[in-house]
Amino acid sequence: MEDGQPGPGARSPPSDSPEVLLHGVFALLGPPPKAAPYALSLTRGGELRMQPVGSAPAGPGPVLPLADCIGCRAFAAREPQQGPAAYFSLFCYPFRKGWGHSAPSRQRLARTFRVCGAAAEPAENLRLAETWAGRIRELAAPGIPPQGGVTWGLLPRPCHALLLLNPWSGTGQAQQLFHSRVQPMLVEAGIDFTLVVTERRDHARELVRAGDLSQWDVVVVLAGDGLLYEVVNGLMEREDWQTAIKKPLCTLPGGSGNALAASINHYAGNARAAKEELLTNCTYFLCKGLHAPMDLVSLSTASGKRLFSFLSFGWGFISDVDLASEKYRNLGQARFTVGTVQQLAALRVYKGRLAYLPMDPAGVSSPSSSPEPDSHPLPCSNGHPVHMRPQPAPGVLQSPPAGSLPEDSLLVPFDQPVPQHWTVVPEEEFIMIFAIYQSHVGADFTMAPAAKLHDSSIHLFYLKAGVSRLVLLKLFLAMQKGTHLDLPCPHLHYVRVRAFRLQPFTAAGLMTVDGEPLACEPVQGQVHDQLCRVISGS
Ligand code: ADP
Ligand code: MG
């Protein structure tokens, strides 16, 4: 154990415990009480224990769990006349109860301690402050979660981020949110960044398609899901896509559709959060630096387009809400509620043929991607198992020649019928078809509560025509809590699949991919396990 300078009147906490890494008495700066002396103990278990000294009676002091800490830095007094003292500041974001009934959310808590030994030189004080700051940073680094088959990673330090910001997304406040919320946390965490404000649609896509990515450790998107969709597809358009797509990506919610951010918040076990609270949670994940693999879905259209999607593919009701509510984007996330009410009034039926390859319940996919068991392991139609024909082992990503895209080994060309072991949905009239691969379809809608970042699954929902408006409304209200699958609605079907094909009979409406419009035409897609990486909580 290394000792700091004991101050006058110090009462000795159990500093000789083998659990204590560093111990010292320093003055806590700031209001109130000003410059109160505390005996600090830094424990192996990752806690900073603060014991008030000098005043009696001294009860147990506060404990700062360093799991909440995003950064710590040491510095000398700015002016020589301020004396020989040095300082260290730590920045924590513990959960705190919000106002009223709101769920706890991460809120900033900064503590600065003055290091000033009785006869110490300024350089000596600074060295001691640096020792503390360094140890605190080490203990604050997240542990790699134990999870079979999943390779977690940690952003390096120092860390350089490319930050792409869509000034047009959401209510148009992304730049303001960056300066007020994101930038201060990045500075506290010691993450360097280069900010690029997009000037037009596809600007981010072109940038990551052509740019030198080696200078960045992470590509951050402060926008809605649409800008991340550009980035994913820009990376997949590169000659070196196989390495480029492994660059950790990070989504910071600044748009009106922030479904991936809300999903990552949900996977981390956090309570539902929206707006600035969700942004703080996601910026906290970035500062901690943990990244995990994420599945992508490769979509092919009959006209020859090839797209990569991290969130969803849809046709019908939900896609219509998404697209029709574009004009209400200044309402932020509320645009989807307004859009839902509007689309309920103008309900349409979409005709087409849907087929899918069910998920193998035995999980015989590649060893690194076996699905995790959850509450919906089998394809089901409102709780009733759906007949499944035998299927060959799902395709494992082969190594394609350099430059060529990953092979869709589960799909056959559109001019051939789907393979025998696929399921063809007998109904051909739908209110909506929605394939989602994350839990949330928007910050307020938990559509596939069991979904994970890497579960090798497409969560396919379809709603048959004939459902009443009232039931539809109930479904969408229940989706806010993720309880829609518990409702008795024989029109709603939910099945976990590896691949699907949708053949519209007429080019009605627009389809959506990750919330972005796609002209209506035959589309098929399959999941590619763990193809990219994304900043995530545990
Ligand atoms: P939102 O969630 O509010 O829809 P997104 O980030 O998803 O926000 O962006 C919406 C659309 O804006 C996307 O299609 C994206 O390609 C496009 N876009 C990106 N940058 C710009 C820009 N500077 N001006 C206009 N559109 C842009
Ligand atoms: Mg969007």
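Count residues from 1 along the sequence. Remember, it's 1-based here, ligands and their atoms both numbered in the order they're listed. The basis for the numbers below is simple: all heavy atoms, side chains too, and nothing from hydrogens, waters or symmetry mates.
When E230, R205, R201, E516 are ranked by how near their heavy atoms come to atom 15 (C) of ligand 1, first place goes to E230. Selection from T198, N258, L222 by nearest heavy atom to atom 20 (N) of ligand 1 gives T198. Taking only non-hydrogen atoms, the option from N166, V221, V231 nearest to atom 18 (N) of ligand 1 is N166. When A204, G255, G224 are ranked by how near their heavy atoms come to atom 6 (O) of ligand 1, first place goes to G224.
Salt-bridge formation is detected for the pair R353/E428: a Lys NZ or Arg NE/NH1/NH2 atom is positioned less than 4.0 Å from an Asp or Glu carboxylate oxygen. Ionic pairing of D68 and R106 is present here: one or more N-O contacts between side-chain nitrogen and carboxylate oxygen are shorter than 4.0 angstrom. Salt bridge annotation for D529-R498: present, with a cationic side-chain nitrogen under 4.0 angstrom from a carboxylate oxygen.
In the vicinity of D225, heavy-atom distances shorter than 4.0 Å reach the ligand 1 atoms 7 (O). Close contacts of ligand 1 with G257, meaning ligand atoms under 4.0 Å from a residue heavy atom, involve 2 (O). Near L227, meaning under 4.0 Å from any of its heavy atoms, are these atoms of ligand 1: 6 (O), 7 (O), 19 (C). Less than 4.0 angstrom separates some heavy atom of G226 from each of these atoms of ligand 1: 5 (P), 7 (O).
Ligand 1 has no N or O atom lying under 3.5 Å from any N or O atom of A223, backbone or side chain. Polar contact check, S256 against ligand 1: a nitrogen or oxygen pair lies under 3.5 Å apart. Note: no N/O pair closer than 3.5 Å links S169 and ligand 1 by distance alone.
With contacts defined as side-chain heavy-atom distances shorter than 4.5 Å, the pair L155/L286 qualifies.
A donor-acceptor contact shorter than 3.5 Å links the side chain of K247 to the backbone of L213. Between the side chain of Q526 and the main chain of A499, no donor-acceptor pair closer than 3.5 Å is present.
Residue H203 places no heavy atom under 4.0 Å from ligand 1.
For the residue pair S298 / D408, a side-chain donor-acceptor distance below 3.5 Å is found, with atom types taken as modelled.
In this structure, Y494 and H459 have parallel ring planes: the angle between them is below the 30° cut-off, well short of the 60° mark.
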